[in-house]
Amino acid sequence: MKKLICVLLCALVVLSAFTAVSMAGAPLNYVVIGDSIARGAGVYNSSEACYGRIVADTNGYNYQNFGIDGYTSWQLKDYVRDANVTKALSNADIVSISIGGNDYLQQNLPKIITHVTFGNYKIVNDIQNNFRENLTNIINYIISVNPDVVIL
């Protein structure tokens with residue numbers, strides 16, 4: 001029951017963020033950053049059919065996508081400091097971040113599975129801790145260049 005309430009509250013927060021920000025009148029600037037999910041890999045005509053484009057087109061947002069296939073959180077942590085990305089983030093009203101899967105996938109997945117199978121979670125915990133630190137740095141950087149942005 002607690003999980004259901006948490007999911008519903010998260011959905012409400014996301015919807016209210018989009019509604020509150022969209023009341024400004026001018027088209028909002030929507031930026032997507034992250035990995036292949038952010039870019040739309042695997043979607044036919046991903047530049048027009050990825051989730052970021054669908055959200056932008058549905059809501060009349062200006063849209064930029066900085067998703068890169070295979071990116072990990074530590075790569076994105078550096079990439080957000082690129083001049084073009086920083087400019088987009090500083091002008092964004094909404095930023096969506098999709099990152100983290102490759103942190104695990106690029107860390108020798110068979111080794112991870114073997115360790116977890118035998119009850120050794122240290123490798124998973126290490127990846128998780130590094131991811132948390134990187135994501136915190138990414139979010140803190142975005143806020144430093146744009147304190148009013150809504151981050152999803």
Side-chain angles (χ1 to χ4, degrees), residues 3-22 24 27-113 116 121 123-152:
K3 288 182 182 180
L4 177 61
I5 291 171
C6 183
V7 169
L8 291 174
L9 287 175
C10 287
L12 181 62
V13 168
V14 169
L15 290 174
S16 66
F18 278 105
T19 303
V21 175
S22 68
L28 298 179
N29 296 316
Y30 179 49
V31 175
V32 176
I33 60 173
D35 54 20
S36 58
I37 302 298
R39 189 188 65 73
V43 176
Y44 176 75
N45 193 14
S46 64
S47 64
E48 296 301 316
C50 65
Y51 78 85
R53 173 59 72 184
I54 293 169
V55 169
D57 289 350
T58 301
N59 293 289
Y61 298 158
N62 297 320
Y63 171 69
Q64 289 180 284
N65 190 321
F66 294 95
I68 298 180
D69 291 353
Y71 252 36
T72 61
S73 63
W74 55 88
Q75 290 171 306
L76 185 61
K77 179 183 68 167
D78 295 333
Y79 185 56
V80 293
R81 288 165 173 77
D82 174 87
N84 291 327
V85 179
T86 294
K87 182 178 179 185
L89 293 171
S90 67
N91 293 318
D93 296 297
I94 304 167
V95 174
S96 287
I97 304 171
S98 173
I99 198 71
N102 293 317
D103 290 41
Y104 290 92
L105 294 175
Q106 294 181 12
Q107 291 291 318
N108 192 346
L109 194 55
K111 181 179 177 181
I112 293 171
I113 293 169
V116 170
Y121 297 97
I123 191 169
V124 174
N125 291 334
D126 289 346
I127 294 168
Q128 178 182 332
N129 290 333
N130 289 331
F131 170 74
R132 182 183 307 115
E133 182 179 330
N134 292 330
L135 184 60
T136 299
N137 286 329
I138 292 164
I139 291 170
N140 286 340
Y141 180 75
I142 295 169
I143 292 170
S144 76
V145 298
N146 188 345
D148 299 321
V149 71
V150 173
I151 300 174
L152 307 173

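Basis for what follows: all heavy atoms, side chains included, without hydrogens, waters or symmetry-related copies.
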For residues Asn65 and Arg53, determine if any side-chain heavy atom of one lies less than 4.5 Å from a side-chain heavy atom of the other.
-> no

Would you say the side chain of Val55 lies within less than 4.5 Å of the side chain of Val32, judging by non-hydrogen atoms?
-> no

Measure from the side-chain N and O atoms of Ser96 to the backbone N and O of Ile151, and report whether any donor-acceptor pair falls under 3.5 Å.
-> no

Within the distance-only criterion (no hydrogens, no angle test), does the side chain of Asn59 pair as donor or acceptor with the backbone N or O of Tyr61 below 3.5 angstrom?
-> no

Sorted by chain and number, sequence neighbours left out, side-chain contact (heavy atoms from CB on, under 4.5 Å) with Ala92 holds for Val31, Val95, Asn146, Val149

CG (Asp82) and CG (Leu76) are apart, to the nearest 0.5 Å, by 11.0 Å

Got a second to check how far Ile112's CD1 is from Leu105's CG, nearest 0.5 Å?
-> 8.0 Å

Taking the side chain as C-beta and beyond, is there a heavy-atom pair between Asp103 and Asn130 under 4.5 Å?
-> no

Say you draw a straight line from OH of Tyr79 to OG1 of Thr86; how long is it, rounded to the nearest 0.5 Å?
-> 10.0 Å

Could you pull out the closest heavy-atom pair between Gly67 and Ala38, with the gap in Å?
-> CA-CB, 4.1 Å

Sub-4.5 Å side-chain heavy-atom contact between Asp57 and Tyr63 = no

Would you find a donor on one side and an acceptor on the other, under 3.5 Å apart, between the side chain of Asn29 and the backbone of Asn91?
-> yes

Nearest 0.5 Å, what's the OG-CZ distance between Ser73 and Arg132?
-> 11.5 Å

OH of Tyr51 to CD1 of Ile37, rounded to nearest 0.5 Å, is 8.5 Å

Considering non-hydrogen atoms only, spot the tightest contact between Ile138 and Lys77 and give its length.
-> CG1-CA, 3.6 Å

Does Ser144 use its side chain to pair, donor to acceptor, with the backbone of Tyr141 at less than 3.5 Å?
-> yes

Heavy-atom check, side chain of Phe66 versus side chain of Val80, under 4.5 Å | no

Would you please say whether a donor-acceptor pair under 3.5 Å links the side chains of Gln75 and Thr72?
-> yes

Correct closest heavy-atom pair for Lys87 and Ser90 would be O-OG, 2.8 Å

Could you pull out the closest heavy-atom pair between Ala88 and Gln64, with the gap in Å?
-> CB-OE1, 3.2 Å

Residue pair Tyr30 / Gly52: nearest heavy atoms and the distance that separates them = CE2-O, 3.4 Å

If every non-hydrogen atom of Pro27 is compared with every non-hydrogen atom of Gly60, which pair is closest and at what distance?
-> CB-O, 3.5 Å

Would you mind telling me which of Asn137, Thr136, Leu135 makes a side-chain contact (heavy atoms from CB on, under 4.5 Å) with Ile139?
-> Leu135

Gap separating the CH2 atom of Trp74 from the CG atom of Asn102, nearest 0.5 angstrom | 8.5 Å

